[in-house]
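Throughout, protein chains are lettered first and strands after them, A, B, ... in sequence-line order, and every chain is numbered starting at 1.
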There are 2 protein chains.
Amino acid sequence: MLPKFDSVFSIDCVIFGFEAGELKILLIERNEEPYKDWLALPGYIVEQDESIDDAAERILYELTGLRDMHMQQFHTFGEVNRHPQGRVITVAYYALIRINGQKELRPVTQYAKKAFWHPVNELPKLAFDHSEIFNTGFNKIRRRLHYQPIAFELLPEKFTLTQLQSLYETVLNKKLDKRNFRKKMLSYGFLKELDEKQKGVSYRAAKLYKFDKRKYGKIFQGEMTLA
Amino acid sequence: MLPKFDSVFSIDCVIFGFEAGELKILLIERNEEPYKDWLALPGYIVEQDESIDDAAERILYELTGLRDMHMQQFHTFGEVNRHPQGRVITVAYYALIRINGQKELRPVTQYAKKAFWHPVNELPKLAFDHSEIFNTGFNKIRRRLHYQPIAFELLPEKFTLTQLQSLYETVLNKKLDKRNFRKKMLSYGFLKELDEKQKGVSYRAAKLYKFDKRKYGKIFQGEMTLA
DNA sequence: AGATAGTGTGTGAAATTTACACCGTTAAAT
DNA sequence: ATTTAACGGTGTAAATTTCACACACTATCT
């Protein structure tokens, strides 16, 4: 028999990454009952003496080894029976990050066997109500893509316009017109054209661009409409 | 010395109403420590055996006498010291409702001395972090006004176009052009023109309109851009 | 030298947004 | 009966934004 508990707060994290033209999220394989061996979102219990924002950072780190992600809460799930051991209300956070091969995923606690990226299409069944949490989060960023510069958090620092477009197409799940897309993106004035070109491709190399955060801040006060 | 408690969930409600060209919110006067006699948002503790959505309905009812409001959560506040007696994480909900003189505000518990409407301008200091909660909620509905038909929840069932425009102007805090506003609103096709006119005004009576929820649903699938 | 794969560019039509002002109606006041 | 005060209701033209659409260029690989 598992222990029962009352009134526990937890955090669950939906972390998006973009790699090889695919959108992925970060999952763990659980090493604890309930749902031992299942796949799940990185999530755990909030301590008494930490804010939920701090808890989110800590928990993500402990379960995946990733630090200093900028996460934002997007919804709180509070159905009575969402956790088999008792009443657990969970605040869900999301972040968008660059998948650089460099950062290793290595849980620092025993609660997770491992952490890994998984394409958002063909997601398996997840533990608890994590599939629902994921869907809610995915819809959230899909909307947010239209009015916040979140695409640039997923791309490498230097990127081509085609990569940017491909990201939009993936998240929004629809084709966009190349000429119109480029015209519009460039018209905002927050993309900085670099003197550098793509390398290692077997076709004409494309120009690289950077997202210029300062210019963005000057142009919009947190508001914009994109793609 | 007040009792201390651990890990409590609570709900706080930001309920908007519109009356006499003014936007108002529902406040209570507290009858309990801490912050006894202060003004506060209606809010209380979630029970073990109720979902947070259910808790929100119950709590609003107990503190104000209002029932069957359709509330939606908008943010969760989880700073460590937001409550002087211990760790309390609160999920904030909002709703927009018609202030009909008819519905009486009458708390059914002792936790509130009374409940009343207060204009959103010139809000006094509120208990706990309720001022921050209110601001977050106000920003939320301000954004949402642009893409969800929430204005119609604030107006009486039958309303004039001028009332509708005045509501938009109040919430967005800017003047809109009368002709453009009417043209656009009518172009959506979800406003039903009634055969009735305004009564009891000392000037030419305006036509009354109704929001046609069915048509709205057909036209948009939860998406729109307004004003 | 040719094949392959993706880069980069412009125009016109259609739709949407914006700016703008006056006469009509009603009830209350004189 | 007339006037006044207050709001109701309406159209057009210019500017801007969105949308649809196709081909020549460049780099690499064989």
Side-chain angles (χ1 to χ4, degrees), chain A residues 18-22 145-147 151 155-156 158-170 172-210 219-220 223-227, chain B residues 18-22 145-147 151 155-156 158-170 172-210 219-220 223-227:
Chain A
F18 189 63
E19 191 179 43
E22 259 192 331
L145 192 64
H146 290 294
Y147 57 88
L155 291 174
K158 301 170 183 181
F159 53 85
T160 70
L161 292 179
T162 301
Q163 287 166 352
L164 182 60
Q165 181 175 347
S166 145
L167 172 55
Y168 270 86
E169 290 181 340
T170 303
L172 301 178
N173 195 27
K174 69 177 171 190
K175 281 264 162 233
L176 300 173
D177 179 85
K178 182 158 69 159
R179 277 178 289 191
N180 292 338
F181 181 83
R182 295 161 96 94
K183 205 187 321 172
K184 193 162 182 184
M185 276 297 163
L186 293 173
S187 78
Y188 292 126
F190 55 60
L191 292 185
K192 188 170 174 184
E193 185 179 332
L194 303 177
D195 284 332
E196 237 170 309
K197 296 205 166 181
Q198 220 176 3
K199 274 178 190 159
V201 291
S202 71
Y203 47 81
R204 174 178 176 185
K207 277 184 211 157
L208 290 170
Y209 290 80
K210 248 185 167 170
I219 303 172
F220 307 94
E223 292 280 332
M224 68 186 299
T225 303
L226 287 174
Chain B
F18 188 64
E19 194 181 41
E22 259 192 330
L145 192 64
H146 289 294
Y147 57 87
L155 290 174
K158 301 169 183 181
F159 52 85
T160 70
L161 293 178
T162 301
Q163 287 166 351
L164 182 60
Q165 180 175 349
S166 145
L167 172 54
Y168 271 86
E169 291 181 339
T170 303
L172 301 177
N173 196 27
K174 69 177 172 192
K175 280 265 164 234
L176 301 172
D177 179 86
K178 182 158 71 161
R179 275 178 291 193
N180 292 337
F181 181 82
R182 295 161 97 95
K183 205 187 322 173
K184 192 161 183 186
M185 276 297 161
L186 292 173
S187 77
Y188 293 127
F190 54 60
L191 292 185
K192 188 173 177 184
E193 184 179 333
L194 303 178
D195 285 333
E196 235 170 311
K197 295 204 168 181
Q198 220 176 3
K199 273 177 190 159
V201 291
S202 73
Y203 46 82
R204 175 178 176 185
K207 278 184 209 157
L208 290 171
Y209 291 81
K210 249 183 166 170
I219 302 171
F220 307 93
E223 292 280 333
M224 69 187 298
T225 304
L226 288 174

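Distance, B/Q165 CD to D/dG9 C1': 12 Å, rounded to whole Å. Atom C1' of nucleotide C/dA19 and atom CG of B/L176 are separated by 14 Å, given to the nearest angstrom. Atom P of nucleotide D/dG8 and atom CZ of B/F159 are separated by 14 Å, given to the nearest angstrom. Here the C1' atom of nucleotide D/dT10 and the CZ atom of B/F181 are 16 Å apart, to the nearest Å. When the P atom of D/dA27 is taken as reference, atom NZ of A/K207 falls 12 Å away, rounded to whole Å. Atom P of nucleotide C/dA15 and atom NZ of B/K183 are separated by 16 Å, given to the nearest angstrom. Distance B/L208 CG to D/dG8 P: 11 Å, rounded to the nearest Å. Atom CD of A/E169 is separated from atom C1' of C/dG6 by 14 Å (rounded to the nearest Å).
For A/R179 and C/dG8, the shortest distance from a side-chain N or O to OP1 or OP2 is not below 4.0 Å. Taking only side-chain nitrogens and oxygens, B/T162 comes nearer than 4.0 Å to OP1 or OP2 of D/dG8. For A/R204 and C/dA5, the shortest distance from a side-chain N or O to OP1 or OP2 is not below 4.0 Å.
What you find for A/L164 and A/A151 is that their closest heavy atoms are CD1-CB, 4.0 Å.
Among the nucleotides D/dC21, D/dG11, D/dT18, the one closest to the side chain of B/N180 is D/dG11.
Looking at B/K178, its side chain comes within 3.5 Å of the base of D/dG9 through a donor and an acceptor atom.
You'll find the ring centres of B/Y168 and B/F181 inside the 6.0 Å limit.
Using a distance-only test at 3.5 Å, with no hydrogens or angles considered, a donor-acceptor pair links the side chain of B/Q165 to the main chain of B/L176.
Salt bridge A/K158/A/E196: present, at least one basic N to carboxylate O contact under 4.0 Å.
Residues forming a side-chain contact (heavy atoms from CB on, under 4.5 Å) with B/K183 (at least two apart in sequence, or on another chain): B/N180.
Position along DNA chain D of the nearest nucleotide to B/Y209 versus B/S202 favours B/S202 as the more 5'-ward residue.
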